[in-house]
There are 2 protein chains.
Amino acid sequence: MRTLPHPAMEAVRLDTVLAALADPLRRRIVRQLSEGGEAQACGAFDLPVTKSTSTHHFRVLREAGVIAQYYRGNKILSQMRADDLEARFPGLLQAILAAEQVTVAGP
Amino acid sequence: MRTLPHPAMEAVRLDTVLAALADPLRRRIVRQLSEGGEAQACGAFDLPVTKSTSTHHFRVLREAGVIAQYYRGNKILSQMRADDLEARFPGLLQAILAAEQVTVAGP
DNA sequence: GTCGTACTACGAAGTACATCGTACAACTCT
DNA sequence: AGAGTTGTACGATGTACTTCGTAGTACGAC
């Protein structure tokens, strides 16, 4: 079974997490994962970029420690590392997701 | 009196704020401003870069809507736009500052 | 006015990032 | 085994960012 490398919780750096979440496309992925609750395959995301680019963004999120990915058949399932993030940076993820909510809800 | 352009609170975008705060040097500035409370001149910051670079980072923070800057004599005083940020993205700034606190406090 | 201070503006150089296309690998299904 | 699906790897390209040096502007002090 193939596996993908994930940073340990202690190795997750604020720099990397913030940089990862500064991209709108990556926040879109994170949002969908957070709202879905369940692990989802990359194909479940309707992103306005090619597969290559999509792979790149998922990789950035995984290497930043924001999401976890594991093989399941010929798909890769992704899910939030919500607990790890909350333990390391309490309230951060929630604040960012909530902030975007505000941004979207314009008059 | 010279003035510097600041984005209106409604024009402040999460993308820009997160990108601005993803840089460690800029977070260092923000941290010092937040802890100091009072407005401080750029020279009050002991940053490991040249003045040009320093100017650049202050500018990024100002254009992102994170700090306010105004002339005072031949200095420029900077201060956090804490209230504006809190109104637009509740809890975000505090979560990021707290997160860094955790990072710094290693065993 | 002249000098020093504090900071900006502009251009240059190196680095990092986002995006894509093509080629490839692993898995499922028939 | 062969074909289709899902996603990766690698290289290329254009854009943006960081950093610096130099030159210049505004202000206070003398």
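Within every chain, numbering begins at 1; the chains are lettered A, B, ... in the order of the sequence lines, protein sequences first and strands thereafter. All values below come from the heavy atoms of this structure, side chains included, with hydrogens, waters and symmetry mates left out.
- The shortest heavy-atom contact between B:Leu21 and A:Leu18 is O-CD1, 3.3 Å.
- Distance from the side chain of A:Ser52 is smallest for C:dG21 among the nucleotides C:dT8, D:dG7, C:dG21.
- Comparing C:dT8, D:dG7, D:dA9 against the side chain of A:Cys42 picks out D:dG7 as the nearest.
- Here the P atom of nucleotide D:dC10 and the CZ atom of A:Arg59 are 8 Å apart, to the nearest Å.
- Taking only side-chain atoms of B:Ala41, from C-beta outward, the nucleotide of D:dA9, D:dT6, C:dC7 with the closest atom is C:dC7.
- In this structure, the CG atom of B:Asn74 is 12 Å from the P atom of C:dT8, given to the nearest Å.
- For B:Thr55, taking side-chain heavy atoms from C-beta onward, the closest of the listed nucleotides C:dT19, C:dT22, C:dT8 is C:dT8.
- Phosphate proximity of C:dC7 to B:His56: absent, as no side-chain N or O sits under 4.0 Å from OP1 or OP2.
- Partner of B:Ile67 under the side chain to side chain contact (heavy atoms under 4.5 Å, CB included) criterion, out of B:Leu33, B:Leu85, B:Val60: B:Leu33 alone.
- For D:dC27, neither phosphate oxygen OP1 nor OP2 lies less than 4.0 angstrom from any side-chain nitrogen or oxygen of B:Arg72.
- Between B:Leu47 atom CG and C:dC7 atom C1' there is a gap of 14 Å when expressed in whole angstrom units.
- With rounding to whole Å, B:Lys75 atom NZ is found 17 Å from C:dT8 atom C1'.
- Salt bridge A:Arg28/A:Asp23: absent, no basic N to carboxylate O contact under 4.0 Å.
- Each of C:dT19, D:dC20, D:dG7 was ranked by its minimum atom distance to the side chain of B:Thr53; first place goes to D:dC20.
- Between B:Ala19 and A:Ile76, the residue anchored nearer the 5' end of DNA chain D, judged by the nucleotide with its closest heavy atom, is A:Ile76.
- If you take CZ of A:Arg2 and P of D:dG7, they are 10 Å apart, rounded to a whole angstrom.
- A:Glu63 places its CD atom 12 Å from the P atom of C:dA18, with the value rounded to the nearest Å.
- The CG atom of A:Leu25 sits 14 Å away from the C1' atom of C:dC20 (whole-angstrom rounding).
- If you check the side chains of A:Gln32 and A:Gln40, you find a donor sitting under 3.5 Å from an acceptor.
- Side-chain contact, A:Thr55 with A:Ser52: no donor N or O sits under 3.5 Å from an acceptor N or O.
- Atom NZ of A:Lys51 and atom C1' of C:dA18 are 18 Å apart (whole Å).
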